[in-house]
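Just so it is clear, the values below take in all heavy atoms, side chains as well, and ignore hydrogens, waters and symmetry mates. Here the structure is a predicted model, which means the values were calculated and not measured.
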Amino acid sequence: MTAGRSQPPWRPESGNPSRLLRLARAGLLGAEGDPEFDNVARLAQRLLVADGAYVSLLDERYQFIKSAVGRAAPTTGSLHASASTVCVRVLRAGAPIGVECLVDGSAAGAGYLGVPVRVDAKVVGTLCVLGAGPRRWRDDDIEALTGLARLVEKLIALALLERDRAQEALTYRAIARNIPDGGILLFDDRLRFVFAEGARLFSIAGFVGVETVEGKTVTEVIAAPNTAAVEALCREALEGRTNTLEAKRGERWFRLVVAPLLGDAHEPIRGGILFAQDVTEVRRRELLLRTLVRSLPNTAVSVLDDEGRFVFADGPKLEAATGLRGDEFEGRRIEEMELGAEVETALRAVDVQGLSGEEMVFEPHLRGRIYEARATDLKDSDGAVVGRIAVLYDITARREDQNRLERARRLLDTTLAHVEDGVCLLDTEGHIQVANWAFAMMFRLDPESLQGMHFSVFVEKLAGLTGERPERLGLDVEGVEVLLPNPRRVLRRTVVPFELMDAEGQVMVWRDVTAEKNLAVERERQAMTDALTALPNRRAMAAWVARDAGRHLRQALSVAVVDIDHFKQVNDVHGHNVGDTVLRQVADILRASVRSDDLVARWGGEEFVLALPVGLSVALAVCERMRASVEALEPSTVGRVTISIGLVQRRGDESFEAVIERADQRLLEAKRSGRNRVVIETDEGA
């Protein structure tokens, strides 16, 4: 029995590198002999009474004689058959065998029969025999060799399967060894364990009650009281379902996951897998998370894995928002739960099918409440998305408050729009939050620029308009009034603190008091003016003296008391209307006779008082001119009108009342002396 490599290289018509790579990994390619293939070759030689039998396999370039029984294999040609059986009854030297088979002179006069060997429906080699001398191959010879070729194919498939299973076992073993506190058991379709790694964890968790696991059935391995439950889960795994079982041992928690072991299209489920892990720390973190989530008012939190399965759901608002408890979510997908249309729509929005890499925020309406929903992708340390966390927060009360606030704001805006006063609201930092149109127009400002403007900026603008110093316009200054030019207006400010819900600030109101000021001036004027003659009255004279008291002490002041002669007779003879006319005419002459610094006032009845801030001699000239002007007046109905005047000069800090009294004495002298004259003090005792 020999094995060797033949030359030259063969020319494959349909090479398949991936399949050849599998053969190489399974250790099938190469010239090394194989006992199983030797047995098949030996059986072929005996059944067909041949000189030699051979199993040849092909890589991308060369043919390998995997097994050779009897006659030595050719060394210069190839024993590769085409995709069909090649039957040569008599083979002469140099004659071709099939399409690609050439046999050297040592095979002269021999018969050849070759059957292709296939993997995945592709030819990878040949099972062939060489006859002893000229040979006529019968149909049963061809059938027998074809059956043995199928046996070779099964040996190849078995070798590949064993290598795949070995590689699979290595993979599972590597997975188990790299999972902290984890273990893996594999079972076949007869519920018999074929692989175990980390079985000690199963024992610690109380799932396994024996030391040796491989080769035993589930019922022989799983310890009570979990035997029936785990067996049921294993049977469900063979039906394609995945289940989870948790157990507590002392202070530690263990999780057992039973899932189907998937195969290929010919064998979709070829067994199951039991995965166990110590999840104590996970449970502790989960407990901490639940405690935290349950302490958040108006909140519900859910976490989905990358397959859209809920792994966590809890929170005070979870059941109110969805109608389901947390344990009714966990381990299930959205389509596996009975949800209302609005709840399902909201959950679909945060499902992993819509993973976007960005946070999603929207406001679903669930079971009569309004929620703010936020969904964010969960990523591992490498940045790969592994799930999604969704947070629901009940914002119904907030929305109602916002709606009330918005209605109140609209009402405020509407109200302020119809208020003539300039009104604005300042926050605690002094920024304008709301200002009405009247406020903007009052200070010639752009309404949009007012929003957010700081009070200090407003003061600078106001100071520029009024010429006031900014420090006189601060919020801490009371009774602020400003005068705006063009048109002239007087504005008065009021500042009142306010507190609305959680907001604090101040309301600043500017009122146009121009009319009020004008009215006050007019009332003051009326209060200080004689209604008949339009001259200042006695009250105005007292105010004038009091206002200029200091100045009057520093300079001369002459005072005259004027009386219309025989005025009672005018009233008695001609009536009061004529008397009033005479009073107005005399008042006009007195007003026209004094300077702007002088003051003439009606003292009462037909008496007038003059205050002249000059010396006595100048005052005398004024009074004489005044008297002469009245004397020249000749009313048509009254006839000649004259006045008598008493004139004195103030002495030092003498009171005004004392001065008036002395002037009144001089007036009496003028009356007694014949009227129509001015009498002054002749000496200090006069």
Salt bridge (charged side-chain N to carboxylate O under 4.0 Å, His left out), that's the test. Do Arg290 and Glu330 meet it? Break it down for me.
CA-CA 13 Å; Arg290 288 191 187 280; Glu330 294 173 9; 2.4 Å; yes

With salt bridge (charged side-chain N to carboxylate O under 4.0 Å, His left out) as the criterion, how do Glu307 and Arg333 come out once you've worked through the C-alpha distance, each side chain's angles and the decisive distance to 0.1 Å?
CA-CA 8 Å; Glu307 295 181 351; Arg333 294 185 177 89; 3.5 Å; yes

Test side-chain contact (heavy atoms from CB on, under 4.5 Å) applied to Thr466 and Leu484, step by step
CA-CA 6 Å; Thr466 63; Leu484 293 181; 3.4 Å; yes

For Trp603 and Arg538: C-alpha separation, side-chain torsions, deciding distance, then whether side-chain contact (heavy atoms from CB on, under 4.5 Å) applies.
CA-CA 5 Å; Trp603 202 248; Arg538 180 180 295 202; 2.8 Å; yes

When you look at Arg255 and Glu246, which way does the salt bridge (charged side-chain N to carboxylate O under 4.0 Å, His left out) test go after all the steps?
CA-CA 4 Å; Arg255 178 177 297 157; Glu246 287 195 355; 2.8 Å; yes

Going through the distances and angles, do Val594 and Met626 end up as a side-chain contact (heavy atoms from CB on, under 4.5 Å)?
CA-CA 9 Å; Val594 299; Met626 189 182 300; 4.2 Å; yes

Test log, rule side-chain contact (heavy atoms from CB on, under 4.5 Å), inputs Phe608 and Ile564
CA-CA 9 Å; Phe608 301 89; Ile564 301 176; 4.1 Å; yes

Test log, rule salt bridge (charged side-chain N to carboxylate O under 4.0 Å, His left out), inputs Asp597 and Arg595:
CA-CA 5 Å; Asp597 290 342; Arg595 304 168 307 171; 5.3 Å; no

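Using a cutoff of 4.0 Å between basic side-chain nitrogens and carboxylate oxygens, Glu319 and Arg325 are not scored as salt-bridged.
Rounding to the nearest 0.5 Å places CD1 of Ile432 at 5.0 Å from CZ of Phe439.
The shortest distance between side-chain heavy atoms of Val480 and Trp510 falls below 4.5 Å. Arg602 has its side chain out of reach of Asn537: every pair of non-hydrogen atoms, C-beta onward, lies at least 4.5 Å apart. The closest side-chain heavy-atom distance from Leu610 to Val562 is below 4.5 Å. For the pair Trp253 and Lys248, the minimum side-chain heavy-atom distance is below 4.5 Å. Between Leu318 and Ser302, every side-chain heavy-atom pair lies at or beyond the 4.5 Å cut-off. No side-chain heavy atom of Ile370 sits under 4.5 Å from any side-chain heavy atom of Glu400. Between Ile334 and Glu344, some side-chain heavy-atom pair lies under the 4.5 Å cut-off. Using a 4.5 Å heavy-atom cutoff, the side chains of Leu557 and Leu612 are not in contact.
The 12-atom threshold is exceeded at CZ of Arg398, counting heavy atoms of other residues, nucleotides or ligands nearer than 6.0 Å. The environment of CD in Glu661 is sparse: at most 12 heavy-atom neighbours from other residues, nucleotides or ligands sit within 6.0 Å. More than 12 heavy-atom neighbours from other residues, nucleotides or ligands sit within 6.0 angstrom of CD on Glu471. A 6.0 Å sphere centred on CZ of Arg444 holds more than 12 heavy atoms belonging to other residues, nucleotides or ligands. Counting non-hydrogen atoms of other residues, nucleotides and ligands closer than 6.0 Å to CZ of Arg511 gives a total of 12 or fewer.
Between Val386 and the choices Leu378, Leu304, Asp377, the side-chain contact (heavy atoms from CB on, under 4.5 Å) rule is met once, by Leu378.
Residues forming a salt bridge (Lys or Arg N to Asp or Glu O under 4.0 Å) with Asp512 (at least two apart in sequence, or on another chain): none. For the side chain to side chain contact (heavy atoms under 4.5 Å, CB included) test, residues two or more places apart in sequence or in another chain that qualify with Arg252 are Phe254, Asp278, Thr280.
Closest approach of Arg388 to Ala375, counting heavy atoms only: CD-CB, 3.8 Å. The heavy-atom pair separating Pro297 from Tyr393 by the smallest distance is O-CE1, 3.4 Å. Pairing each heavy atom of Pro447 with each of Trp437, the nearest pair is CG-CZ3, 3.4 Å. Nearest approach of Met442 to Arg489, heavy atoms of both residues: O-NH2, 3.1 Å. The minimum heavy-atom distance between Val570 and Val582, with the atom names listed, is CG1-CG2, 4.4 Å. Pairing each heavy atom of Leu583 with each of Leu532, the nearest pair is CD1-CD2, 3.5 Å.
Between the side chain of Arg493 and the main chain of Val477, a donor-acceptor pair closer than 3.5 Å is present. For Asn403 (side chain) and Arg399 (main-chain N/O), a donor-acceptor pair under 3.5 Å exists by modelled atom type. Not one N or O on the side chain of Gln433 forms a donor-acceptor pair closer than 3.5 Å with the backbone of Asp427. Side-chain atoms of Glu342 come within 3.5 Å of backbone N or O of Arg367 as a donor-acceptor pair. Between the side chain of Arg309 and the backbone N or O of Gly331, at least one donor-acceptor pair lies under 3.5 Å. Judged by distance alone, the side chain of Ser558 and the main-chain N or O of Val614 form a donor-acceptor pair under 3.5 Å. The closest donor-acceptor contact from the side chain of Asn436 to the backbone of Asp421 lies under 3.5 Å.
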